[in-house]
Protein chains: 2
Amino acid sequence: MSNTPPYAPDAPALSLKLDDQLCFALYSATNALKKMYRPMLDRLGLTYPQYLVMMVLWERDGMTVSEIGEKLFLDSATLTPLLKRLEAQGILERKRAAEDERVVRVSLTAKGKALKDDAASVPGEAVTATGCTPDELTALRDALKRLRTDLMKTG
Amino acid sequence: MSNTPPYAPDAPALSLKLDDQLCFALYSATNALKKMYRPMLDRLGLTYPQYLVMMVLWERDGMTVSEIGEKLFLDSATLTPLLKRLEAQGILERKRAAEDERVVRVSLTAKGKALKDDAASVPGEAVTATGCTPDELTALRDALKRLRTDLMKTG
DNA sequence: TGAAATTAAATCGTGCGCGATTAAATAGGG
DNA sequence: CCCTATTTAATCGCGCACGATTTAATTTCA
């Protein structure tokens, strides 16, 4: 009686068409987002993930690698090389904590702190590029946060 | 009189806090999405971008590299190595068109076509993982498509 | 206290994305 | 017809993401 196909007894038989997929809309919007940010961040000498790390550190300096990772949902395999590149640019310093040598604490240099002023115009420019109203942006952001939480639940 | 700060005369002074950012919600949701898909796609022997290419070819076989690129908003620098890996797996074939030797046409093998049946349950499982209703998914998808279009406009 | 378990970061390998360049084929204009 | 411009794919280099493993430091608890 059910029209559920044999290959997926518990899931609805949904489309395999590209343009129907939420996942592709998400994926392609993120790719577009990164491209949109590039010229702005090039002026700061940052990549997009580096910009995210800087936002975390501008909020609270001296975080450990794992603390940064918890904020960004990234692990040390991604962060360690990224942080080393920022260190090589003189934007931050990595130092093992004296009280626990397993931990690496990351602190901004003067140059890294100063970069915050240069970045201040970035969010506004980005909002303009989205062509959305502030209310739309807020709604979309919160919907994506909920989606992220749900996606990480099962995984 | 204006409270617009001196560093961004034409843009609103928006937050640099991570959790306020639409961009981070988008970025982190996409990372979570890819992780969620991995175990499902591992069974098919595909990565997530490879799965997208397959969806394009299941809809219309024999597309050129640029046509696939237009659908996915990717260029040959990304697609050529990806397609070579799928070719090495015997999932598709790449052949220069006789009528125009610049063009490479991509066609599915029997194995590639058969993979569509194995993939049929993927969208349903993915929907379940999102924890969203179909209406929410449709609304979010369409909002992201609009966002993507806007982001690609200026860039 | 000393062996085992846990934790933190680093390392390794693979596969994207993409800016930039290159190579080759075709189209178009004089 | 040739020379230039355009188009298509491939190539190169770099920086992520991340699964998996490794190394080293700390904690646990028998």
Side-chain angles (χ1 to χ4, degrees), chain A residues 24 26-39 41-42 45-54 63-70 72-89 94-106 148 151-152 155, chain B residues 24 26-39 41-42 45-54 63-70 72-89 94-106 148 151-152 155:
Chain A
F24 175 62
L26 193 52
Y27 164 88
S28 55
T30 299
N31 286 344
L33 180 95
K34 289 183 190 166
K35 280 193 206 179
M36 182 273 283
Y37 267 97
R38 187 182 299 271
L41 297 182
D42 275 353
L46 297 175
T47 65
Y48 180 71
Q50 288 170 4
Y51 171 64
L52 293 179
V53 168
M54 293 306 289
M63 292 180 82
T64 69
V65 173
S66 355
E67 285 169 346
I68 297 170
E70 281 166 32
L72 297 177
F73 309 106
L74 296 173
D75 67 6
S76 67
T78 299
L79 287 174
T80 297
L82 187 157
L83 291 168
K84 281 185 178 176
R85 283 186 283 271
L86 290 176
E87 186 176 39
Q89 291 191 37
R94 296 158 58 252
K95 207 182 299 183
R96 294 231 166 237
E99 66 280 11
D100 184 345
E101 296 254 333
R102 291 172 301 183
V103 170
V104 167
R105 206 163 282 283
V106 181
R148 179 184 67 200
L151 290 175
M152 293 194 306
Chain B
F24 175 61
L26 194 52
Y27 163 88
S28 54
T30 299
N31 285 345
L33 180 94
K34 289 183 190 167
K35 281 192 205 179
M36 182 273 283
Y37 267 97
R38 187 181 300 269
L41 297 181
D42 274 353
L46 297 175
T47 65
Y48 180 71
Q50 290 170 3
Y51 170 65
L52 294 178
V53 167
M54 294 306 288
M63 293 181 81
T64 69
V65 174
S66 355
E67 285 169 345
I68 297 170
E70 281 165 32
L72 297 177
F73 310 106
L74 296 173
D75 68 6
S76 67
T78 300
L79 287 175
T80 297
L82 187 157
L83 291 169
K84 282 186 177 176
R85 282 186 282 270
L86 290 176
E87 187 176 37
Q89 291 191 38
R94 297 157 57 252
K95 208 181 299 183
R96 295 232 167 236
E99 65 280 10
D100 185 344
E101 296 254 334
R102 289 171 301 183
V103 170
V104 168
R105 206 164 281 283
V106 181
R148 180 184 67 202
L151 289 175
M152 294 194 306

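Residue numbers start from 1 in every chain, and the chains themselves are labelled A, B, ... in the order their sequence lines are given, proteins ahead of strands. Just so it is clear, the structure is predicted and the values come from calculations on it, not from any experiment.
- In this entry the distance linking CZ of F24(A) with P of dC16(C) reads 15 Å, nearest Å.
- Evaluation of atom-type donor-acceptor distances gives a pair under 3.5 Å for the side chain of S76(A) against the base of dA10(C).
- The CG atom of N31(A) sits 13 Å away from the P atom of dC16(C) (whole-angstrom rounding).
- Of the candidates dC18(D), dA25(C), dC16(D), the closest approach to any side-chain atom of E101(B) belongs to dA25(C).
- Residues L74(A) and P81(B) each lie close to DNA chain D; by heavy-atom proximity, the contact nearer the 5' end of the strand is made by P81(B).
- Nucleic acid contact class of L82(B) (heavy atoms, under 4.0 Å, all strands): sugar-phosphate only.
- In this structure, Y27(B) does not reach the dC16(D) phosphate: none of its side-chain N or O atoms is under 4.0 Å from OP1 or OP2.
- L33(A) places its CG atom 11 Å from the P atom of dC18(C), with the value rounded to the nearest Å.
- In this structure, L83(B) atom CG and dC16(C) atom C1' are separated by 13 Å, rounded to whole Å.
- Between R102(A) and dT6(C), a side-chain N or O to OP1/OP2 separation shorter than 4.0 Å is absent.
- Look at R85(A) and you'll find a side-chain N or O under 4.0 angstrom from OP1 or OP2 of dC16(D).
- Side-chain proximity of R38(B) to the nucleotides dA10(C), dA25(C), dC18(D) is greatest for dC18(D).
- Counting heavy atoms from C-beta on, the side chains of F24(B) and Y51(A) never come closer than 4.5 Å.
- Taking the side chain as every heavy atom from C-beta outward, L74(A) and I68(A) never approach each other to under 4.5 Å.
- The phosphate of dA10(C) (OP1 or OP2) has a side-chain N or O of T80(A) nearer than 4.0 angstrom.
- For the pair R96(A) and dA8(C), the criterion of a side-chain N or O lying under 4.0 Å from OP1 or OP2 is not met.
- Put simply, T47(A) has a side-chain N or O that comes within less than 4.0 Å of OP1 or OP2 on dC16(D).
- dC18(C) atom P lies 16 Å from atom OH of Y37(A), rounded to whole Å.
- The interatomic distance linking M36(A) (CE) with dG19(C) (C1') rounds to 18 Å, in whole Å.
- Residues L33(A) and Y48(A) have side chains in contact (heavy-atom distance under 4.5 Å, counting atoms from C-beta outward).
- Rounded to an integer number of Å, the gap from CG of D75(A) to P of dT7(C) is 16 Å.
- Contact annotation: K34(B) side-chain N/O to dC18(D) OP1/OP2 distance is not under 4.0 Å.
- For dC16(C), the OP1/OP2 oxygens have no side-chain nitrogen or oxygen of K84(B) closer than 4.0 Å.
- Here the side chain of D75(A) pairs a donor or acceptor atom with the backbone of T78(A) at under 3.5 angstrom.
- Taking each heavy atom of V65(B) and L79(B) in turn, the nearest pair found is O-CD1, 3.6 Å.
- Here R105(A) lies out of heavy-atom contact (under 4.0 Å) with every strand.
- Residue-level contact check: T78(A) touches the bases, meaning some heavy atom is under 4.0 Å from a base atom.
- The shortest non-hydrogen separation linking P81(A) to S76(A) is CD-O, 3.8 Å.
- Between the P atom of dA10(D) and the CD1 atom of I68(B) lies a distance of 10 Å, rounded to the nearest Å.
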